[in-house]
K.L.:
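Before we start, here is the structure in question, set down as structure tokens.
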Amino acid sequence: MIQTITITGIKDFEADHIFECGQCFRWNVEDGKYVGVAGGYVARVSYEDGILTLETTGGDEKFWSHYFDLETDYSAIKSDIISKEPKIEKACNEGYGIRILNQDKFETLISFIVSQNNNIPRIKKCIESICEHYGEYLGEVFGKKRYAFPTVDALADASICDLADLKLGYRCEYIVASAQQYRKEGAPTTYDQILSYHGIGPKVANCILLFGLHRVDAFPIDTWVKHIMNDMYGFSEKDVKGMAAFATEKYGQYAGYAQQYLFHYYRNVKFT
DNA sequence: CGGCAGGCGGTTA
DNA sequence: TAACCGCCTGCC
């Protein structure tokens, strides 16, 4: 059963920008609108003239409002980072509707383990496969079978051999070990704690900080960001430390937002 | 066929 | 602590 939620007076929202800036893997265009699963609910999203419309199997306005980070003033954020770094203005204008979602911590942690040394279409495929095999079946919604992201227990108790059938490669053991650590310790709260997971290094840890824990000062440096920092500022692509220090100094507490605008710009506009 | 894709762990010097 | 190397898999 589908309910419709409409939220009005929303600025700085563009589904394309939100879902194509590298933060999530379970939202895809179906018949012209984005459909995805979050918090165990299926939703179809549309936005026009300040009105956000969600056709969903569950979750109240409060849940979705928080998920889409609607309480945050992105115009103010853009002004702030542009004032600190005018060179970012074009990227902010191109990706004007970006928002950093408030995603589930465990889902984010596992998803970014899957992302390592991998490309986006295959990451999405792998995660859907994990959901189909280990997640709760949510029914047929908008013409497709839908599945929730698995619980911590479901993945902690999964066998590495069975996961291997999902073509996850060497990431299988990371996934099971991480789910077990998460079950034992609870959700991580610091960078060092995230880094202590087997199979999580600096890049993935920063993604989990930013996208899972909403630590908007985190600045994940992947190969794209390396290209960007090289192109914009002349950094050697090996100088990850230099880039990280520069980002903190240049963008400060909003480095994560800056990363998203730049990533989106280079990924979807400049290099296409 | 080698190279690479939103890296990481392990081993070397 | 920096520089390599191998790695599951799929697609050029």
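To find a chain, count down the sequence lines: A is the first, B the second, and so on, and within it residues start at 1.
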K.L.:
Summarise protein proximity over nucleotides 4-9 of chain B in one line of letters, 5' to 3': B for base, S for sugar-phosphate only, - for none, counting protein heavy atoms closer than 4.0 Å.
P.N.:
-BBBSS
K.L.:
Report, one line per pair, each donor and acceptor closer than 3.5 Å where one atom sits in a side chain of residues 194-213 of chain A; sequence neighbours left out.
P.N.:
from, atom 1, to, atom 2, distance (Å)
S196(A), OG, Q181(A), NE2, 3.1
S196(A), OG, Q193(A), O, 2.7
N206(A), ND2, P202(A), O, 3.1

K.L.:
Write out all pairs satisfying salt bridge (charged side-chain N to carboxylate O under 4.0 Å, His left out) with one or both partners inside residues 210-224 of chain A, taking only residues at least two apart or from two chains.
P.N.:
R215(A)-D217(A)
K.L.:
Which stems does DNA chain B form, counting runs of 3 or more consecutive Watson-Crick or G-U wobble pairs with both distances under 3.5 Å?
P.N.:
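In DNA chain B, stems of three or more pairs: B:2-5 with C:9-12, B:7-13 with C:1-7.
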K.L.:
Using the side chain to side chain donor-acceptor pair (under 3.5 Å) rule, collect all pairs that involve residues 160-179 of chain A, keeping only residues at least two apart or in two chains.
P.N.:
N117(A)-Y170(A), S159(A)-D162(A)
K.L.:
Listing request: all side chain to side chain donor-acceptor pair (under 3.5 Å) pairs with a residue in residues 241-250 of chain A, at least two apart in sequence or in separate chains.
P.N.:
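Checked against side chain to side chain donor-acceptor pair (under 3.5 Å) - neighbours excluded - no pair reaches residues 241-250 of chain A.
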K.L.:
Less than 3.5 Å apart, which donor and acceptor atoms pair up between the side chains of residues 20-28 of chain A and the rest of the protein, not counting sequence neighbours?
P.N.:
from, atom 1, to, atom 2, distance (Å)
E20(A), OE2, Y34(A), OH, 2.5
Q23(A), OE1, L101(A), N, 2.8
Q23(A), NE2, I18(A), O, 2.9
Q23(A), NE2, R99(A), O, 2.7
R26(A), NE, E128(A), OE2, 2.8
R26(A), NH1, Y147(A), O, 3.0
R26(A), NH2, E128(A), OE1, 3.2
R26(A), NH2, Y147(A), O, 2.8
W27(A), NE1, Y67(A), OH, 3.0
N28(A), OD1, K124(A), NZ, 2.9

K.L.:
Got a sec? Which of residues 246-261 of chain A come in under 4.0 Å of DNA chain C, heavy atoms?
P.N.:
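Result for residues 246-261 of chain A: none.
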K.L.:
Identify, with sequence neighbours excluded, every residue that meets ring-ring contact (aromatic ring centres under 6.0 Å, His included) alongside H214(A).
P.N.:
none
K.L.:
If you walk 5' to 3' along DNA chain C, what is the first nucleotide with an atom under 4.0 Å of a heavy atom in chain A, and what is the last?
P.N.:
dC7(C) to dG10(C)
K.L.:
By the side chain to side chain donor-acceptor pair (under 3.5 Å) test, which pairs, at least two apart or in different chains, include something from residues 106-115 of chain A?
P.N.:
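Counting only pairs at least two positions apart or across chains, no side chain to side chain donor-acceptor pair (under 3.5 Å) contact touches residues 106-115 of chain A.
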K.L.:
Check which hydrophobic residues are tied to L138(A) through side-chain heavy-atom contacts below 4.5 Å, counting indirect links as well, and list them.
P.N.:
I2(A), V35(A), V37(A), V42(A), V141(A), F142(A)
